[in-house]
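One structure is given below, encoded as structure tokens.
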Protein chains: 2
Amino acid sequence: MATSAIRFYESRGLVHSRRTTGNQRRYPQAELRRVAFIRTAQRVGLSLDEIAEALATLPDRRAPTKSDWHRLSKAWRPRLDEQIRRIELLRERLDGCIGCGCLSLRSCALTNPGDAAAARGTGAVFLEP
Amino acid sequence: MATSAIRFYESRGLVHSRRTTGNQRRYPQAELRRVAFIRTAQRVGLSLDEIAEALATLPDRRAPTKSDWHRLSKAWRPRLDEQIRRIELLRERLDGCIGCGCLSLRSCALTNPGDAAAARGTGAVFLEP
DNA sequence: GCGCATGTTGAAGTTCGCTTGAGGTACCGG
DNA sequence: CCGGTACCTCAAGCGAACTTCAACATGCGC
């Protein structure tokens, strides 16, 4: 990946480096892991700010232990599950609901009694989430 | 959602509107579905270009039928599966690999004989995907 | 039919996530 | 020691995805 991106992350405090006597950056293993984490999280639709916040819970100057990462993992699980849920929602919408006309028919609430979405009103109630 | 966003989508050809005699936009149901689709797809990490490409396969001027959406659904399934896979990769990395030191130990290939990732070399072989 | 919220256009501005450029320094092979 | 490549900093630029603005038109409630 581009060095400029890493410098950019560093300027935002997402990664850190030590310097050589000649002022060149050197990255310990732990920082490479942070970069890998950033890249993957980004591709999943998370913002740098969100990622920065998560990384801020890891120790800055010592290498994170397995349990540090594990703590982060636990904290993010709901966020990742939500993201998966969104994909499944999209899939559902593509496969069924969007094609069946339920968004346009008031009767949808009738053919699906107890439908939680219908209770939120007719129309595209899922637009925001 | 902001009207400016919808106008922006329209300028990019992702949605269409008919006009009143007074030149105001009116959106049929089918267009609202396109908007819902766009929003959801975006939150899952897909770009407007990618979304536009998909929407281009739907009929422009008539309301898409269930089978139109179904076709789109089939075409996107691998893309969505890939996206889910990425989230799972992130979860895995958080939970296990990244914390266990396997990215830094040459011995990882030994303790995991037949490891496909190890065959790609030591280090962060998954950085890109 | 008057007033005012809401709509229209095109251009310019904003935020995010980088990339590029200018001007200078450091390291490395021969 | 020399030359070339890689790195440094800081500022400006860029593409994506919108938002805001100005100047004007429309439509709805009373």
Residues forming a side-chain hydrogen bond (donor to acceptor under 3.5 Å, both in side chains) with A/Q42, sequence neighbours excluded: A/Y9
Quick one, give me the B/S/- string for nucleotides 19-27 of chain D, reading 5' to 3', where B means a protein heavy atom under 4.0 Å from the base and S means that only happens at the primed atoms, P, OP1 or OP2. BB-----SS
OP1 or OP2 of D/dA17 less than 4.0 angstrom from a side-chain nitrogen or oxygen of B/Y9, does that happen here? no
Quick one about A/S17 and A/E31 (side-chain donor to acceptor, distance below 3.5 Å, no hydrogens or angles considered), yes or no? no
Can you list the residues that meet the side-chain contact (heavy atoms from CB on, under 4.5 Å) rule with A/D49, with sequence neighbours excluded? A/R12, A/S47
Tell me every residue that passes side-chain contact (heavy atoms from CB on, under 4.5 Å) with B/D68, counting only those two or more places apart in sequence or in another chain. B/L58, B/P59, B/R62, B/P64, B/T65, B/R71
Rounded to the Å, how far apart are A/E10 CD and D/dC10 C1'? 15 Å
Once side-chain contact (heavy atoms from CB on, under 4.5 Å) is applied, do any residues pair with B/R26, and if so which ones, sequence neighbours excluded? B/R18, B/T20, B/Q24
At a heavy-atom distance below 4.0 Å, which nucleotide of DNA chain C is the first touched by chain B, and which is the last? C/dG7 to C/dT9
Between B/R12 and D/dA17, is there a side-chain N or O to OP1/OP2 distance below 4.0 Å? yes
Using OP1 and OP2 only, check whether a side-chain N or O of B/Q42 sits under 4.0 Å from D/dC18. yes
Could you work out, with salt bridge (Lys or Arg N to Asp or Glu O under 4.0 Å) as the rule, every residue matching A/R77, not counting sequence neighbours? B/D95
Using the salt bridge (Lys or Arg N to Asp or Glu O under 4.0 Å) criterion, which residues pair with B/R79? Sequence neighbours excluded. B/E50, B/E82
Suppose we screen for salt bridge (Lys or Arg N to Asp or Glu O under 4.0 Å). Which residues come up paired with B/R7, at least two apart in sequence or across chains? none
